[in-house]
S.K.: 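The structure follows.
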Amino acid sequence: AQSVTQPDIHITVSEGASLELRCNYSYGATPYLFWYVQSPGQGLQLLLKYFSGDTLVQGIKGFEAEFKRSQSSFNLRKPSVHWSDAAEYFCAVASRTYKYIFGTGTRLKVLA
Amino acid sequence: GAVVSQHPSWVICKSGTSVKIECRSLDFQATTMFWYRQFPKQSLMLMATSNEGSKATYEQGVEKDKFLINHASLTLSTLTVTSAHPEDSSFYICSARGDWGSYNEQFFGPGTRLTVL
């Protein structure tokens with residue numbers, strides 16, 4: 001069965017520091033992978049997605065993610081975090097039936 | 001492009017009443033629409049998948065008679081929470097996918113906050 005694990009429930013970083021949010025998935029075939037960000041009381045905003053091709057994916061707001069098939073991972077990174085990045089981040093995997101399975105989310109806190 | 005709207009953005013109702021939430025794809029035809037539920041500080045859980053003109057497919061554990069889904073057109077799906085109770089209070093998010101290209105990702109609406117008193 002498909003599943004997504006985000007091991008870190010909360011992460012706190014200082015503004016300007018680098019960030020890595022972890023995501024591991026379980027899926028029998030090549031997955032479609034997504035990272036979304038959600039601010040309190042808001043809907044989801046797509047940061048980036050991986051369907052195929054280059055395993056290093058660039059997204060919006062300076063985020064990038066790397067697909068590593070051998071590790072079943074799709075970690076999200078940002079070289080320098082801004083205070084406005086504080087939010088909840090969700091990793092998702094999709095199957096060819098188009099159903100998305102979301103991870104439990106990682107809440108990012110940014111210290112000034 | 002690929003914008004999805006939801007209405008209302010928030011609703012408060014009394015226990016026992018029914019509430020309808022609309023999900024619209026504004027600039028594309030949505031072959032499939034999905035309804036999710038999100039409890040505070042939790043992840044999104046898929047409730048049901050609906051295709052235009054067909055009955056919705058509900059996920060295990062979701063009551064069909066409680067959460068009525070109608071997908072009458074290629075741009076509109078509605079979720080009706082019938083006889084709502086306080087435990088139905090949640091954040092409901094819809095998404096829609098089109099039918100172009102080799103893979104069709106979902107585009108998410110802004111969500112509807114339901115509070116049942």
Side-chain angles (χ1 to χ4, degrees), chain A residues 1-11 21 23-25 27 29-53 57 59-60 67 74 86-109, chain B residues 1-11 21 23-24 26 30-51 56-60 62 89-115:
Chain A
Q2 293 172 253
S3 66
V4 177
T5 302
Q6 292 181 247
D8 305 304
I9 298 174
H10 297 280
I11 282 186
L21 302 182
C23 173
N24 292 95
Y25 66 90
Y27 185 60
T30 300
Y32 298 135
L33 295 161
F34 306 83
W35 273 100
Y36 289 89
V37 61
Q38 184 181 37
S39 297
Q42 303 296 313
L44 300 179
Q45 182 180 24
L46 178 67
L47 289 175
L48 46 77
K49 60 191 177 188
Y50 173 77
F51 289 172
S52 65
V57 181
I60 63 171
F67 171 57
F74 188 56
E88 186 92 22
Y89 291 80
F90 292 97
C91 179
V93 62
S95 70
R96 276 157 181 75
T97 62
Y98 310 113
K99 286 187 180 181
Y100 283 22
I101 303 296
F102 284 89
T104 50
T106 297
R107 185 169 296 275
L108 174 65
K109 183 177 179 180
Chain B
V3 178
V4 176
S5 70
Q6 281 184 243
H7 178 78
S9 55
W10 59 269
V11 57
I21 302 170
C23 176
R24 293 182 184 273
L26 299 185
T31 311
T32 309
M33 286 185 167
F34 303 84
W35 287 94
Y36 295 84
R37 184 174 182 176
Q38 185 181 31
F39 288 108
K41 299 185 179 181
Q42 293 189 28
S43 188
L44 282 77
M45 299 300 294
L46 179 65
M47 299 174 65
T49 303
S50 73
N51 293 293
T57 301
Y58 291 80
E59 295 299 301
Q60 192 172 8
V62 177
S89 298
S90 189
F91 194 53
Y92 293 87
I93 300 177
C94 75
S95 69
R97 59 170 285 269
D99 191 16
W100 66 86
S102 58
Y103 182 81
N104 314 125
E105 66 184 85
Q106 295 179 28
F107 299 95
F108 288 84
T112 297
R113 172 78 56 195
L114 170 63
T115 301

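Each chain gets a letter, A, B and so on, in the order the sequences are listed, and its residues count up from 1.
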S.K.: Is the side chain of A:Thr104 donor-acceptor paired with the backbone N or O of B:Ser43 at a distance under 3.5 Å, no angle test?
M.R.: no
S.K.: Regarding B:Lys41 and A:Glu88, does a basic nitrogen lie under 4.0 Å from an acidic carboxylate oxygen?
M.R.: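 A salt bridge is absent here (no side-chain N lies under 4.0 Å from a carboxylate O).
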S.K.: Is chain A contacted by the side chain of B:Gln38, its backbone, both, or neither, given a heavy-atom distance below 4.5 Å?
M.R.: side chain
S.K.: Report, one line per pair, each donor and acceptor closer than 3.5 Å where one atom sits in a side chain of residues 44-52 of chain A; sequence neighbours left out.
M.R.:
residue, atom, partner, partner atom, Å
A:Gln45, OE1, A:Lys61, NZ, 3.0
A:Lys49, NZ, B:Glu105, OE1, 2.2

S.K.: Taking atom CD1 as the centre, does A:Ile9 end up with more than 12 heavy-atom neighbours from other residues, nucleotides or ligands that are less than 6.0 angstrom away?
M.R.: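 Atom CD1 in A:Ile9 is not packed in, count stays at 12 or less.
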S.K.: Can you say whether A:Phe90 sits under 4.5 Å from chain B via the side chain, the backbone, both, or neither, judging by heavy atoms?
M.R.: side chain
S.K.: How long is the gap from CD1 on B:Ile93 to CD on A:Gln42, to the nearest 0.5 Å?
M.R.: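 If we round to the nearest 0.5 Å, B:Ile93:CD1 and A:Gln42:CD are 10.0 Å apart.
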S.K.: Which atoms of A:Gln6 are under 4.5 Å from chain B, going by heavy atoms: the side chain, the backbone, both sets, or neither?
M.R.: neither
S.K.: Looking at A:Gly105, A:Gly43, A:Ala92, which has the largest count of heavy-atom pairs under 4.5 Å with chain B?
M.R.: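 Most heavy-atom pairs under 4.5 Å with chain B: A:Gly43.
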S.K.: Less than 4.5 Å to any heavy atom of chain A: does that hold for the side chain of B:Leu44, its backbone, both, or neither?
M.R.: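 Answer is both: backbone and side chain atoms of B:Leu44 are under 4.5 Å from chain A.
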S.K.: Of all residues at least two apart in sequence or in a different chain, which pass the side chain to side chain donor-acceptor pair (under 3.5 Å) check with B:Tyr36?
M.R.: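 Testing B:Tyr36 for side chain to side chain donor-acceptor pair (under 3.5 Å), a comparison that skips the adjacent residues, returns B:Gln106.
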S.K.: State the OH-CZ distance between A:Tyr100 and B:Phe108, to the nearest 0.5 angstrom.
M.R.: 5.5 Å
